[in-house]
Amino acid sequence: MATDTLSPPSATGPAITLVDVVKGFGGATDAAAVRGVDLSIGEGEFFSLLGPSGCGKTTTLRMIAGFEEPTGGQILLHGRDMVGVPANKRDINMVFQSYALFPHLSVADNVAFGLRRKRVPKDEIRDRVEKILRTVELTDKADRRPRQLSGGQQQRVALARALVNRPRALLLDEPLGALDLKLRQSMQLELKRIQREVGITFVYVTHDQAEALTMSDRIAVMNRGLVEQVGPPQDVYERPATAFVAGFIGTSNLIGGRLTSVDAQAGTGVLDLGDGQRVTVPLTGSRPAPQADALPGPPGAGALVELTVRPEKITLTAGPADTASRLRGTVREVVYLGTSTSYTVDTAMGAEMTVFQPNDGTASVTPARGDTVWLSWATAHSYLLTTAPIPAATAAAPGSLTPR
Ligand code: ATP
């Protein structure tokens, strides 16, 4: 197709749009690598595709780049349909985990390589290379060969080489995967700084949830070829939409059961578990926008629900606290983690719960294995999950917990 795909888009529209994108590699449709993905990525956004190995992240990125053609759906870059547009006409660049630098060329020549091939005037090449090396803080390494650089520095050269082309968007496929943990963490902050400085759209593929939480403006959590939730880091962590998201991002406790009562005015439901134990969950207003549509409406009394609560939101006490959610249990495991202690508690109703208590002297109890404790948390920290209906045969009795 024509090179006019390089012309400026409308200033207001999204940078990248995916509409019901499907990619099969020749197998049955239900085994497709990507099974109907809708995304809208804003101009200048740091957007991450996060998910376990094989969930379709790389395939999605490669379709945006133009290295793979979708088998269905539409991909728009800056408002233009990309069907049939080759990768080199898409005004985007891709950075891979393997840096693929030329070993015999200096850092500056590696960065200048693409511009020379495009016959950009010499003076302009010099200016652009100098400027981008300043951005990635490698000015003093301009004359070195790649083998004289650390892994993090080599990755910054690869980044500079992509950015010097001034793409409208940069696609990054696990670019920090080969670095050790400490270097990876400092490069995460560095990458975020560079992205802010150059102001272009970054689409970042990773299976590392901490990495995605650290860097992204928004995250799409993928599972088996589908996007389960899109939102800012705080949303996907604090308000996971599905059991998969809750489990994949951090540690979470899942509680399933039948609502014993609903307070329509307060918009909450209660699982009354007897013996002073109960769990209260907001039924409305806690759901991020896309998932709100997936819910048929707030569940009523008697409905089977699944909810989640994060371990650090739970407080341990010796007796029942005056909170909307509280459960009794026996401590099975205590693990000291430095800044916090992790408790595994078998609740009286059968569900296993994890609780993190900070080691800052504020804990009201520091129980040992075998001790009886009460777990309590505020209503706002219970989140209703979007789940497939539980088959009747395995459904829990009213007011009981389903162990997870
Ligand atoms: P990882 O983190 O391991 O790279 P991913 O989430 O990026 O995983 P993809 O590489 O997109 O996953 O792969 C998704 C699915 O598509 C996998 O089951 C994979 O085996 C399959 N797949 C990917 N590329 C091809 C191909 N060229 N031919 C056939 N199947 C493929």
Side-chain angles (χ1 to χ4, degrees), residues 16-39 41 46-75 77 82-88 90 92-100 151 155 158-159 162 169-181 183-185 187-188 191 201-216 218-231 233 236 240-250:
I16 299 167
T17 311
L18 274 66
V19 184
D20 198 18
V21 168
V22 175
K23 178 68 186 178
F25 286 102
T29 319
D30 64 352
V34 175
R35 300 193 287 145
V37 164
D38 294 294
L39 287 176
I41 302 172
F46 198 124
F47 191 93
S48 293
L49 298 172
L50 171 68
S53 183
C55 72
K57 314 178 287 292
T58 297
T59 303
T60 303
L61 201 71
R62 288 174 59 81
M63 286 191 283
I64 297 171
F67 299 139
E68 300 280 1
E69 275 297 317
T71 31
Q74 227 188 348
I75 295 180
L77 296 185
M82 285 295 119
V83 173
V85 178
N88 62 353
R90 291 198 178 194
I92 50 184
N93 265 204
M94 192 145 162
V95 176
F96 302 91
Q97 191 184 106
S98 60
Y99 325 122
Q155 187 52 271
L159 196 63
L170 195 64
L171 311 180
L172 304 101
D173 192 0
E174 307 246 7
L176 308 181
L179 308 179
D180 68 50
L181 181 64
L183 187 55
R184 205 159 73 218
Q185 287 170 338
M187 275 298 291
Q188 287 166 8
L191 259 179
T201 312
F202 273 34
V203 185
Y204 192 97
V205 158
T206 181
H207 64 269
D208 181 339
Q209 42 110 356
E211 188 159 288
L213 292 174
T214 304
M215 294 193 293
S216 317
R218 283 191 308 151
I219 300 170
V221 185
M222 291 188 69
N223 182 28
R224 298 180 185 189
L226 291 171
V227 171
E228 294 220 351
Q229 186 170 4
V230 183
V236 293
T242 65
F244 173 79
V245 175
F248 189 71
I249 300 189

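In this chain, numbering begins with 1 at the start of the sequence shown. Atoms within each ligand, like the ligands themselves, are counted from 1 in listed order.
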**Report entry** Pair Met94-Asp173, side-chain contact (heavy atoms from CB on, under 4.5 Å): steps then yes or no
**Finding:** CA-CA 8 Å; Met94 192 145 162; Asp173 192 0; 4.2 Å; yes
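Nearest non-hydrogen protein atom to atom 15 (C) of ligand 1 is Ala33 CB, 3.6 Å. Among protein heavy atoms, atom 9 (P) of ligand 1 sits closest to Thr59 OG1, 3.5 Å. Summary of contacts: the protein heavy atom closest to atom 14 (C) of ligand 1 is Gly54 O, 3.4 Å. Looking from atom 23 (C) of ligand 1 to the surrounding protein, the closest heavy atom is Phe25 CE1, 3.5 Å.
When side chains are defined from C-beta on, Ile64 counts as touching Ile92, because their heavy atoms get closer than 4.5 Å.
Counting only distance, with no hydrogens or angles, the side chain of Thr71 and the backbone of Val22 share a donor-acceptor pair below 3.5 Å. Put simply, the side chain of Lys23 never gets that close to the backbone of Thr60: no donor and acceptor are under 3.5 Å apart. Between the side chain of Arg218 and the main chain of Pro233, no donor-acceptor pair closer than 3.5 Å is present. Remark: side-chain polar atoms of Gln188 are not paired, donor with acceptor, to backbone N or O of Thr214 under 3.5 angstrom.
There is a protein heavy atom closer than 4.0 angstrom to atom 11 (O) of ligand 1. Protein non-hydrogen atoms do not reach within 4.0 Å of atom 19 (C) of ligand 1.
Looking at Asp208 and Arg184, a side-chain N of the basic residue comes within less than 4.0 Å of a carboxylate O on the acidic one, giving a salt bridge.
For a threshold of 3.5 Å applied to N or O pairs, the pair formed by Ser53 and ligand 1 contains at least one separation below that value. Any N or O atom pair closer than 3.5 Å counts here, and Thr58 shares at least one such pair with ligand 1. At a 3.5 angstrom cut-off on N or O pairs, Gly56 counts as close to ligand 1.
Close approach of ligand 1 to Cys55 (heavy-atom distance below 4.0 Å) involves ligand atoms 5 (P), 6 (O), 12 (O).
When non-hydrogen atoms are compared, ligand 1 lies under 4.0 Å from the backbone of Lys57 as well as from its side chain.
At least one heavy atom of Pro52 sits closer than 4.0 Å to an atom of ligand 1.
Side chains of Tyr204 and Glu174: a donor-acceptor N/O pair is absent below 3.5 angstrom, by distance only.
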